[in-house]
Amino acid sequence: MRWFDWCRSSGAAWAVLAGALLAGAGVADWWLGPDVPLTLGYLAPISIAAWYLSRPSAFAWTVVTATTWLLLAMSEREPNLSASTHLLNFSLQFTLFLVFGRLVAALRGRLDREKQLAYSDSLTGLANRRAFWQRVDDELRRCRRFDTPFSIAYIDVDDFKSVNDRCGHARGDKVLRRIAAAVQSSIRELDVAARIGGDEFAVLMPGTPEAGAKIAIAKLSALLGRAELNPSFVVTCSIGCLTVLQAPPSVDKLVARADALMYAAKDLGRGQVKHETIDATGDEPAVVRRRAAR
């Protein structure tokens, strides 16, 4: 399965497949001769390059495919045609291949943009709630199957309402963007930072046990403390961090635990951090039980 996933996501694997399809189309064209048109066969490698690789790759495969078609036309299928006729045919075929490749690349680009809009927050550029829930669910599955630990940080701006009340919503949006930039700059490439909604953010740290989570959260807390979030008055963030060693039954329950830890950090004062671990017994952290009892 991992080998299949690598092939599906590897540019080299798609390039090999495109080359194999082009070779197959060329052999079939040579064998069948000019009576059987194989234009669709030549479009297959261009489609793969345009959809799975890049626009420059699609253009390169267009050139290679059109050249292959021309060489076969000159050597086997239509050797008696003049050079000018071959050149004209090549120009027409190349134009057809090029337009087709650009259409496929444009379609893939449009699909990627729509997918990005569906899974990203328009204000901050971070992942949105839907994308974050999906990634956390993936980590829960990995934790159950391989006992791989991970951690979640839940971040809330302290008294964010006062920012909007005193400075206006435009300044509040600017503060949120600065917080998002600070969070994004403090995490690893494989971590996922998201804006859950309003002034709440979250960070998923795959493969991160308790010690690593404490280091990462300390770094994030210090960075948020140094960031100039608002020039008029100090803006702080409370952070609740939960390390998962035993996966709970659902994403909602897991995020609720991290949210409860964040509120426990708020009870300690502005700009505080609260961290707990779900151990192998699966018992709820004490702060979650206290919050549920209120």
| field | Value rounded to 0.5 Å, distance of CG in Leu140 from OG1 in Thr148 | value | 11.5 Å
| note | In short, salt bridge (Lys or Arg N to Asp or Glu O under 4.0 Å) pairs touching residues 187-197 with sequence neighbours left out are Asp121-Arg195, Arg188-Asp191
| Taking ILVMFWY side chains as joined if any heavy atoms are under 4.5 angstrom apart, and letting links pass through other members, which residues group with Leu92? | Leu88
| message | Are Leu220 and Val183 packed together at the side-chain level, in the sense that at least one heavy-atom pair is separated by less than 4.5 angstrom? | response | yes
| Less than 4.5 Å apart, any side-chain heavy atom of Met205 and any of Ile187? | no
| CZ/Phe59 to CZ/Arg102 distance, rounded to the nearest 0.5 angstrom? | 7.5 Å
| Point-to-point distance, once rounded to the nearest 0.5 Å, from OH of Tyr154 to SG of Cys237 | 13.0 Å
| query | Quick one: does Phe160's side chain get under 4.5 Å of Val175's, heavy atoms only? | reply | yes
| Side-chain ion pair, Arg141 and Asp137, N-O less than 4.0 Å | yes
| What are the two closest non-hydrogen atoms of Thr67 and Phe90, and how far apart are they? | N-CE1, 3.8 Å
| Stepwise side-chain contact (heavy atoms from CB on, under 4.5 Å) check, Ile179 with Phe201 | CA-CA 9 Å; Ile179 291 173; Phe201 297 83; 3.8 Å; yes
| query | Is Arg142 positioned over the aromatic face of Phe150, cation under 6.0 angstrom from the ring centre and no more than 45 degrees off axis? | reply | no
| message | Measuring only between side-chain heavy atoms, which start at C-beta, is Ile215 closer than 4.5 Å to Lys219? | response | no
| task | Measure across Phe100 and Ser47 and return the closest heavy-atom pair with its distance rounded to 0.1 Å. | result | CE2-OG, 2.9 Å
| Can you tell me how far the CG atom of Asp199 sits from the CG atom of Leu176, to the nearest 0.5 Å? | 7.0 Å
| query | Given Ser57 and Ser54, is the side-chain hydrogen bond (donor to acceptor under 3.5 Å, both in side chains) satisfied, shown in steps? | reply | CA-CA 5 Å; Ser57 297; Ser54 62; 3.0 Å; yes
| remark: Note: Thr208 and Thr243 closest approach over all heavy atoms is O-CG2, 4.0 Å
| message | Applying a strict under-4.5 Å side-chain criterion to I, L, V, M, F, W and Y, I'd like to know whether Leu43 and Leu107 cluster together. | response | yes
| query | Rounded to the nearest 0.5 Å, how far does CG of Asp259 lie from CG of Leu261? | reply | 9.0 Å
| request: Apply salt bridge (Lys or Arg N to Asp or Glu O under 4.0 Å) to Arg108 and Asp112, showing your working. | output: CA-CA 6 Å; Arg108 177 57 189 264; Asp112 290 341; 3.0 Å; yes
| Are Phe132 and Tyr119 co-members of a hydrophobic cluster defined by side-chain heavy atoms under 4.5 Å apart? | no
| request: Apply side-chain contact (heavy atoms from CB on, under 4.5 Å) to Leu96 and list each qualifying residue two or more places apart in sequence or on a separate chain. | output: Thr39, Gln93
| said: Side chains of Met262 and Ile155, heavy atoms from C-beta outward: is any pair under 4.5 Å? | reply: no
| Within 45° of the ring axis of Trp133 and under 6.0 Å from its six-membered ring centre, is that where the NZ or CZ of Arg129 lies? | yes
| Passes side-chain contact (heavy atoms from CB on, under 4.5 Å), Asp173 versus Leu123? Steps please. | CA-CA 8 Å; Asp173 289 346; Leu123 177 64; 3.9 Å; yes
| Leu22 vs Val64, side-chain contact (heavy atoms from CB on, under 4.5 Å): CA-CA, chis, key distance, verdict | CA-CA 9 Å; Leu22 177 58; Val64 172; 3.6 Å; yes
| note | Taken to the nearest 0.5 Å, the spacing of Ser151 OG from Leu245 CG works out to 8.0 Å
| task | Specify the closest pair of heavy atoms between Ala213 and Cys241, including all atoms of both residues, with the distance to one decimal. | result | CB-SG, 4.0 Å
| request: Check whether Tyr42 and Val16 end up in the same hydrophobic cluster, where Ile, Leu, Val, Met, Phe, Trp and Tyr are linked by side-chain heavy atoms less than 4.5 Å apart. | output: no
| Taking the inter-plane angle between the rings of Trp14 and Tyr52 on a 0 to 90° scale, is it parallel (under 30°), tilted (30 to 60°) or perpendicular (over 60°)? | parallel
| Leu111 and Leu53: same hydrophobic cluster, using ILVMFWY side-chain contacts below 4.5 Å? | yes
| task | Evaluate the side-chain hydrogen bond (donor to acceptor under 3.5 Å, both in side chains) criterion for residues Ser120 and Asn128: first the C-alpha distance (whole Å), next the side-chain angles of each, then the deciding distance (0.1 Å), finally the verdict. | result | CA-CA 5 Å; Ser120 64; Asn128 62 13; over 6 Å; no
| Do Glu139 and Leu204 come close enough that some side-chain heavy atom pair is under 4.5 Å? | yes
| task | Could you walk me through whether Asp156 and Ser238 pass the side-chain hydrogen bond (donor to acceptor under 3.5 Å, both in side chains) test, one step at a time? | result | CA-CA 5 Å; Asp156 185 84; Ser238 297; over 6 Å; no
| Which heavy atom in Leu242 sits nearest to a heavy atom in Ala258, and how many Å separate them? | CD2-N, 4.1 Å
| In the single-linkage hydrophobic clustering (I, L, V, M, F, W, Y; side-chain heavy atoms under 4.5 Å), do Val136 and Leu190 co-cluster? | no
| query | Where is the tightest heavy-atom contact between Trp61 and Ala49, given as atom of each residue plus distance? | reply | CD1-CB, 3.4 Å
| field | Pair Glu210, Thr277: side-chain N/O donor-acceptor within cut-off below 3.5 Å | value | yes
| Side chains of Asp159 and Val235: closer than 4.5 Å at any heavy-atom pair? | no
